[in-house]
Amino acid sequence: MTTPLISGKIGEMADWKEGMPPVVRFAPSPTGYLHVGGARTALFNFLFARHHGGRFILRIEDTDRKRYQPDALAEIFASLKWLGLQWDEGPEAGGGAGPYFQSLRTALYREHADRLLAAGRAYRCFCTEERLAQLRLEQEKAKMAHGSGYDRHCRDLEEARVRALLAADTPHVVRLKVPDDRSVAFHDLIRGDIAYDSAQLDDLVLLKSDGFPTYHLANVVDDHLMGISHVLRGDEWIASTPKHILIYEAFGWAPPLFAHMPVILAPDGGKLSKRRGAASVLDYQRAGFLPEALRNFLALLGWAPGDDREVMPLEELIAAFTLERVQAKAAVFDETKLEWMNGVYLQRRSAESLLPDVQAIWEKMELAHDALADEVFLKKVIAMFKERSRKIGEIAENSLYFFRDPLEYDAQAAKKYFKPDMLPRIDALLAALADLQPFAQDALEGLYRRLAEELGVSAGKLIHPTRLAVSGVGFGPGLFEMLETLGRETVLRRLRKARGQIAARGQDGN
RNA sequence: GGCGCUAUCGUCUAGGGGUUAGGACGGGUGAUUCUCAGUCACUAAACCGGGGUUCGAAUCCCCGUAGCGCUGCCA
């Protein structure tokens with residue numbers, strides 16, 4: 001893929017006008033996994049593009065060779081795809097504005113830095129890292145109220161001196177000449193007008209001594225060249241935006257529109273991290289969350305549709321999403337609510353669609369092979385448990401008695417239901433169940449109700465002990481559905497086993 | 001330290017001068033088919049503080065406070 005070094009002439013970039021399809025980008029840095037904060041930013045970009053019929057570009061900002069992690073890329077792609085945030089242009093997708101890796105565009109950035117150099121808007125700086133560190137130390141000590149940052153030491157070097165240093169191959173960076181005492185203002189679509197005094201900004205580095213651009217240069221050049229109309233990014237970039245405005249100005253380009261998304265915080269109000277809740281998108285996948293649930297939950301962090309809807313499938317999110325309704329306040333990631341929402345989506349899912357994920361968990365549990373091979377049976381089990389589970393894993397874990405006899409009985413439930421007076425009732429059940437035709441839900445219910453009446457007890461007196469006998473626990477799906485799926489042979493076996501337990505207990509006086 | 005952003009129930013939020021400040025999660029109480037970790041109903045719970053502007057402020061302005069961000073040849 002060849003890209004012209006410079007596309008678009010200076011000053012020709014038109015402002016985006018209301019009604020034009022917007023072009024947005026998500027620009028992660030491959031320094032680690034994609035965390036939910038980044039995912040939310042990607043989601044808002046995606047929703048914004050879809051809502052307005054625009055384009056969503058994925059661009060990889062891999063200009064920091066020190067922090068680059070080779071695995072990060074695959075993880076980021078997998079995370080976005082899992083969440084259903086397919087990008088229109090970018091790695092794997094292609095597009096006319098590529099390449100979409102900044103490391104492949106370094107010639108472009110150098111070219112642009114040269115233009116600024118030639119125009120007198122930037123200068124070469126030969127200061128060593130040691131000098132800069134020393135400078136910072138002194139400023140710290142002096143607690144300088146003003147003018148902290150680079151001291152412009154190289155800003156006015158004589159031309160001859162610069163030539164000599166260049167001839168000697170002296171390492172150097174390129175810095176922007178930031179104007180003195182000017183107000184640099186921009187309009188944030190979420191927060192309104194924000195203004196900085198240029199005296200607050202030091203002469204930032206555009207090109208590093210290794211030839212790679214800084215984020216500031218690469219981001220401005222790429223956003224311009226890729227025709228980005230709206231920059232939707234995390235609010236940690238607010239303070240950098242005036243620098244970017246200055247760079248656009250130096251190039252003679254019209255800046256895009258900006259909207260800074262609020263951050264997502266951990267429950268303790270601190271930064272989200274691996275230690276405080278998962279944070280990584282793929283960790284949530286592993287923990288048994290559905291992509292549509294995480295996506296819906298994330299959309300509601302910092303955004304609301306304005307009415308009382310909360311459970312909103314993707315199409316609804318796209319239809320309702322507008323930047324005006326994005327909140328400026330940071331939001332705490334409340335995993336409990338995520339779990340609730342996951343439960344909602346679990347109920348909405350078909351057993352069929354859940355099968356692969358649940359099956360994968362069951363298969364790690366050394367269960368009987370023949371049962372695991374019977375998909376019809378598995379889907380019945382999933383159907384029963386997805387209604388009352390909050391994570392995929394719960395479906396697999398709470399349904400184990402469909403694959404093997406319970407090893408023990410819940411003590412509390414046993415104390416309540418496994419009493420000696422149950423023995424004759426179990427005998428009656430055993431006899432009736434052995435002959436029941438068909439061994440199916442409705443017939444089973446009829447049998448239980450009839451028998452209860454004959455014995456002069458409430459149906460619950462038969463139902464609860466049966467549940468405990470066949471499942472080992474005091475809760476679960478409807479009993480008759482459960483018995484039908486388990487099958488006559490299994491049910492009778494487990495009832496007999498429970499009968500033995502109760503008899504033994506009776507003798508112990510328990 | 002400087003600069004900036006933010007501030008409604010515990011949490012996510014609605015609200016854009018006049019409301020009994022609404023909804024959701026979680027909590028509590030109750031109901032329910034055989035259980036609930038399901039479902040339904042009910043309930044407790046908030047405008048950070050102080051000044052203005054106004055007949056009237058959750059809403060507009062200022063100050064304070066707190067939290068967060070930036071202050072890198074990281075993004």
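Only heavy atoms go into these numbers, but all of them, side chains included; no hydrogens, no water, no symmetry mates. Source: prediction; values computed, not measured.
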Whole-Å [atom1] distance, [N] and [M]:
| N | M | atom1 | result |
| --- | --- | --- | --- |
| B:A14 | B:A24 | P | 15 Å |
| B:G26 | B:U39 | P | 9 Å |
| B:G38 | B:A75 | C1' | 46 Å |
| B:C3 | B:U8 | P | 25 Å |
| B:C63 | B:G10 | P | 28 Å |
| B:A7 | B:C12 | C1' | 15 Å |
| B:U20 | B:A58 | P | 13 Å |
| B:G49 | B:C9 | P | 10 Å |

Indicate whether the side chain of A:Glu445 and that of A:Gln441 have a donor and an acceptor atom separated by less than 3.5 Å. no

Looking at every strand, decide which applies to [X] at a 4.0 Å heavy-atom threshold: base, sugar-phosphate, or nothing.
| X | answer |
| --- | --- |
| A:Cys125 | nothing |
| A:Thr336 | sugar-phosphate |
| A:Tyr215 | base |
| A:Leu479 | base |
| A:Thr63 | sugar-phosphate |
| A:Ala304 | sugar-phosphate |
| A:Gly234 | nothing |
| A:Pro171 | nothing |

Taking only side-chain N and O atoms of [X], does any of them lie within less than 4.0 angstrom of OP1 or OP2 on [N]?
| X | N | answer |
| --- | --- | --- |
| A:Arg175 | B:C73 | yes |
| A:Gln139 | B:U71 | no |
| A:Arg136 | B:C73 | yes |
| A:Arg390 | B:G26 | yes |
| A:Arg449 | B:C34 | yes |
| A:Gln347 | B:U39 | yes |

Select one nucleotide: of [options], the one nearest the side-chain heavy atoms of [X].
| X | options | value |
| --- | --- | --- |
| A:Arg325 | B:A14, B:U35, B:U71 | B:A14 |
| A:Lys243 | B:U71, B:C12, B:A14 | B:U71 |
| A:Gln200 | B:C25, B:G2, B:C73 | B:G2 |
| A:Lys329 | B:U6, B:A75, B:C25 | B:U6 |
| A:Val263 | B:U13, B:U6, B:C68 | B:C68 |
| A:Glu236 | B:U8, B:U35, B:A75 | B:A75 |
| A:Glu310 | B:C73, B:C3, B:A24 | B:A24 |
| A:Ala239 | B:G26, B:C34, B:C70 | B:C70 |
| A:Asp202 | B:G72, B:U39, B:C73 | B:G72 |
| A:Phe480 | B:C12, B:A75, B:C34 | B:C34 |

What's the [atom1]-[atom2] distance between [X] and [N], to the nearest Å?
| X | N | atom1 | atom2 | value |
| --- | --- | --- | --- | --- |
| A:Ile194 | B:C68 | CD1 | P | 19 Å |
| A:Glu339 | B:C12 | CD | P | 17 Å |
| A:Glu445 | B:C34 | CD | P | 8 Å |
| A:Lys337 | B:G27 | NZ | P | 14 Å |
| A:Leu300 | B:A24 | CG | C1' | 9 Å |

Is the [X] ring parallel, tilted or perpendicular to the [Y] ring (thresholds 30°, 60°)?
| X | Y | result |
| --- | --- | --- |
| A:Phe321 | A:Phe44 | tilted |
| A:Tyr248 | A:Phe258 | perpendicular |
| A:Phe333 | A:Phe297 | perpendicular |
| A:Phe186 | A:His260 | perpendicular |

Would [X] and [Y] pass as an ion pair if we require N to O under 4.0 Å?
| X | Y | value |
| --- | --- | --- |
| A:Arg349 | A:Glu292 | yes |
| A:Glu138 | A:Arg136 | no |
| A:Arg105 | A:Asp222 | yes |
| A:Asp421 | A:Arg425 | yes |

Of A:Val332 and A:Gly478, whose closest RNA chain B nucleotide lies nearer the 5' terminus? A:Val332

Specify the residue among A:Glu324 and A:Leu132 whose closest nucleotide of RNA chain B lies further upstream toward the 5′ end. A:Glu324

Please determine, for [N], whether a Watson-Crick or G-U wobble partner exists with both distances under 3.5 Å, and give it or none.
| N | answer |
| --- | --- |
| B:U39 | B:A31 |
| B:G67 | B:C5 |
| B:C47 | none |
| B:C74 | none |
| B:C25 | B:G10 |
| B:U19 | none |
| B:C60 | B:G52 |

Do A:Arg191 and B:C5 share a donor-acceptor pair, side chain to base, under 3.5 Å? no

